[in-house]
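Each ligand, and each atom within it, is numbered from 1 in the order the structure gives.
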Amino acid sequence: MKIEDNRLIEAEYQPSPNHSGHFEREPDTIIIHFTAGGSRTSSSNWLCDKRAKASCHIVLGRDEKISQLVDFDTIAWHAGRSSWLERTSLNKYSIGIEIDNAGKLKKSGQEYYSHFGRKYDRDEVFIGKDGIPWHAFTEWQIENTVKACLALKDIYPIELILGHNEISPGRKVDPGPAFPLDYVRDKVLNAGRKDQGDESISEDPMALASENLNIRSGPGTQHPILRSPLPKGEKVKVMDAKNGWTKVEVTTSGWVSSRYLKT
Ligand SMILES: [Zn+2]
């Protein structure tokens, strides 16, 4: 996939009036959603309707086509009330990808139905650990989410991929347990990183956190926080260092201020 002039060249362009101005800073986050709708075209049409007061950048269909509704340099309206660590209102930091999917299903007898009454075959249903049925995503949708994210990462400084449920907990459930978010994150955010062999890992020096530390995706406070803080006293593996920041490995790796690390 390729992006030219802030549009995916593979996508059908259907401009939505639901957007704000250009991003003030380049987007570094991708938010994944499901449409909870019946088709790519019906969801795209609704997101192009002023009454929806909502939009996104691209919609990945079950028909193996992509619609683009808002240019990638422009703020779309997909996240709504949302927060991620120190940030609120994620629209101004993020690209919104909607995936054509009916969402949570209801079982009635041996059959599964969407909230709009369509019936689904068992092979289109994903049963969560808690027994709740969800509409399954297609393999094409998952692989093309990865491709779209990689194409975005080529152009914009993408450092985070989050589900809508992660930035609006309690209010939103998409993309839900049927979507392999960790797989997509790994394919996109770890792409091109060299594998560390066992030898180099054992040679990495250790350090102790002398404060609770924010773990950022890059060396500087302009980079987003990746996870809950590293607790004071935690032992971490030192991976790299530059400009007063040290890259450490916990369960995820990220950057902390060197001032608060005892080596
Ligand atoms: Zn959503």
Charged N to carboxylate O below 4.0 Å: is that the case for Arg62 and Glu124?
->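 Yes, Arg62 and Glu124 are salt-bridged.
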
Is the closest basic N to carboxylate O distance between Glu111 and Lys119 below 4.0 Å?
->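 Counted as a salt bridge, because a side-chain N and a carboxylate O are separated by less than 4.0 Å.
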
Heavy-atom pair with the smallest gap, counting every atom of Val188 and Val146 |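 Answer, listing the atom of Val188 first, then Val146: CG2-O, 3.9 Å.
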
What are the two closest heavy atoms between Leu208 and Gly233, and how far apart are they?
->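 Heavy-atom minimum between the residues: CD2-O, 3.3 Å.
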
Members sharing Phe116's hydrophobic cluster (side chains within less than 4.5 Å) |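 Noted: Phe116 shares its cluster with Leu105, Tyr112, Tyr120, Val125, Ile127.
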
Test salt bridge (Lys or Arg N to Asp or Glu O under 4.0 Å) applied to Asp28 and Arg87, Arg216, Lys153, the passing residue |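 It is Arg87, the one option of Arg87, Arg216, Lys153 that forms the salt bridge (Lys or Arg N to Asp or Glu O under 4.0 Å) with Asp28.
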
So which protein N/O/S atoms does the Zn ion (ligand 1) have within less than 2.8 Å?
->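 Near the Zn ion (ligand 1), the protein supplies His33 ND1, His164 ND1, Asp174 OD2.
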
